[in-house]
Amino acid sequence: MERRRVSVAEKKSFMNKFIAFMEKYFEPVAAKIEKQRHISSIKNGMIALISVLIIGSFSLIISAIGNMFPAGSVIKTFFVDHAEMLNLPFQFTFGLLSVYCAITISYSHAKQMKAPILHSIIAGVMATLVLNTKFVDGALSTAFLDSRGLFIAIFASLISVEVIALFIRKNITIRIKGLPDGIATTFEAIVPLVVILFGAVGLSVAMQSVTSGQIIPEAFTTMLAPAINSIDTPYAVFLICFFEMLFWFIGLNGYAILVGFVMPFMTQYLGANAAAYAAGEPIPHVFAPNFWDYFMGFSGSGLTGALVLLALFSKSKELKAVGKVSVVPAIFTISEPVVFGLPICFNPYLFIPFVIGTPIVAVGQWFVFHFGWVRPPIANVGGTPIPLAQYLSTMDWRAIILIIVVLAVAVCMYYPFFKMYEKSLVKEEANVSDRERAHEALDLDF
């Protein structure tokens, strides 16, 4: 018995040292990364882009309704005959994703750099259009304005805004006294806009001359395909999920820190998945945004819906209260009430299932999609409650079965650790109740 007590004490001591190490060395670095201006602009711009993804996704879902009806039926025939018309919303959202990305990131970065917002957006879009298009047989080809041109749009927008801010800061502009502010700002933007335009044209021409007519996103798609696809692997899924949970455990929003790095890849994957689904082709990627949101983060980061269920039936009054207030947030995949209310944050009892167990379950789900047992996400349905979100994002009823299995696995994973934590709280609550009864027994009347 004594040996067991020493073992538990040693484990607690190790965990306390680990938490202290994370607070001292890891947390400050993570906070600095999140606040870095380029990372922050990418994150905010990609989050703003979600509205476009949702609109395009729902238009794709509407187009897919026809697939639910048998061949030869009136509804099926209508969808087949009007496929091009029904596909227009998808083409004007996902098909121009790079342009929308240039707008949102230029806007976000201009606010940070205190550059003229309107002209920053013009510069970002202009550079994106120049670098992502080319003339083929006398006609302008816009094929790479979709998700394939996303990374070029990100860098073109950031650099364009930096150039405008630099020129204005160094007074390399045309300034005419006595003009109204709006006109004066327009004249100030002329010089940096000219530099950005001719710089983008020169870069595009140089790339086409070196690569036998390929523009930058076209060449990158060929050369960097292994690097881009490396994010959509079980190893990357494990590491991304692991670091997200680790950040949450030390009180930082892991999603907010990592999304700036990962969202461009996921958005590109979603564009490829949506295009493949619309064309009736196999779905090429798993790690699209809604894989993270509704499967890897089912019911909240760390599969916290399982803890909500356990808390609802807990012997601890405190845990049961947290469980009750966390039900609705869990339906909308919001984990903060559990992370900070249970809490999971800095809770040594829940470290292993939350930080280690969650990535393992995420990798298991990745393989389920990879082997085709459930269709990978083809739409972005952000804000939709579970389980509707899982069905709409995949258009596959088997996704509902998957999340039921995941929830059961998560409950089993958390159960022994939750029970240890519950036991400690029940003991504390009992001690408090004993003190309160002793206080009442005194029957003091002042």
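What you see is a predicted model; the values in this text were computed from it and never measured.
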With a 4.5 Å cut-off on side-chain heavy atoms, are Leu303 and Val361 touching? yes
Close side-chain approach of Met395 and Ile378, heavy atoms under 4.5 Å: yes
Please report the C-alpha distance between Arg148 and Glu218 in whole Å, then the side-chain angles of each, then the deciding distance to 0.1 Å, and finally whether the salt bridge (charged side-chain N to carboxylate O under 4.0 Å, His left out) criterion is met. CA-CA 8 Å; Arg148 291 173 293 177; Glu218 194 174 4; over 6 Å; no
Enclosure of Phe340 CZ (heavy-atom neighbours >12, cutoff 6.0 Å): yes
Please confirm whether Phe287 and Phe265 have ring centers closer than 6.0 angstrom. no
All heavy atoms of Ala156 vs all of Leu131, minimum pair found to be CB-CD1, 4.1 Å
Using the rule ring pair (Phe, Tyr, Trp, His ring centres under 6.0 Å), only one of Phe351, Phe243, Phe242, Tyr349 pairs with Phe249; which is it? Phe351
Give a yes or no on whether Phe238 atom CZ has more than 12 heavy-atom contacts from other residues, nucleotides or ligands under 6.0 Å away. yes
I'd like to check Leu158 versus Ser41 (side-chain heavy atoms, cut-off strictly below 4.5 Å). Are they in contact? yes
Any heavy-atom pair between the side chains of Phe151 and Gln268 that's under 4.5 Å? yes
Is the Phe367-Trp373 ring centre distance short of 6.0 angstrom? no
Determine the interplanar angle of the Phe369 and Phe291 rings, folded into 0 to 90°, and report it as parallel if under 30°, tilted if 30 to 60°, perpendicular if over 60°. perpendicular
Please name all residues satisfying side chain to side chain contact (heavy atoms under 4.5 Å, CB included) with Phe313, sequence neighbours left out, ordered by chain then number. none
Closest non-hydrogen atom pair between Ala272 and His285, with its separation: CB-CD2, 3.9 Å
Does atom OH of Tyr107 have more than 12 heavy-atom neighbours, drawn from other residues, nucleotides or ligands, at distances under 6.0 Å? no
Test ring pair (Phe, Tyr, Trp, His ring centres under 6.0 Å) on Phe94 and Phe90 and set out the steps. CA-CA 6 Å; Phe94 279 88; Phe90 173 77; 5.2 Å; yes
If you look at every heavy atom in Leu193 and His119, which pair is closest and at what distance? CD2-O, 4.0 Å
Check ion pair Glu162-Arg37 (N to O, under 4.0 angstrom): yes
Could you tell me whether a side-chain N or O of Arg398 sits under 3.5 Å from a main-chain N or O of Val374, the two making a donor and an acceptor? no
Evaluate whether atom NZ of Lys419 has more than 12 neighbouring non-hydrogen atoms of other residues, nucleotides or ligands under 6.0 angstrom away. yes
What pair of heavy atoms forms the shortest contact from Ser157 to Ile105, and how long is it? CB-CG2, 3.9 Å
Spell out, as yes or no, whether a donor-acceptor pair under 3.5 Å connects the side chain of Ser106 to the backbone of Ile103. no
Phe295 and Pro377: which non-hydrogen atoms are nearest, and at how many Å? CE1-CG, 4.5 Å
Please step through ring pair (Phe, Tyr, Trp, His ring centres under 6.0 Å) for the pair Trp248 and Tyr255, ending with a clear verdict. CA-CA 8 Å; Trp248 276 116; Tyr255 183 88; 8.6 Å; no
Taking all atoms of both residues into account, what is the closest heavy-atom pair of Cys101 and Leu150, and its distance? CB-CD1, 3.7 Å
Within a strict 4.5 Å, meaning less than it, do heavy atoms of the Pro284 and Asn273 side chains meet? yes
pair Ile152-Thr128: side-chain heavy atoms closer than 4.5 Å: no
Distance check, rounded to the nearest 0.5 Å: Ile215 atom CD1 versus Lys134 atom NZ? 6.0 Å
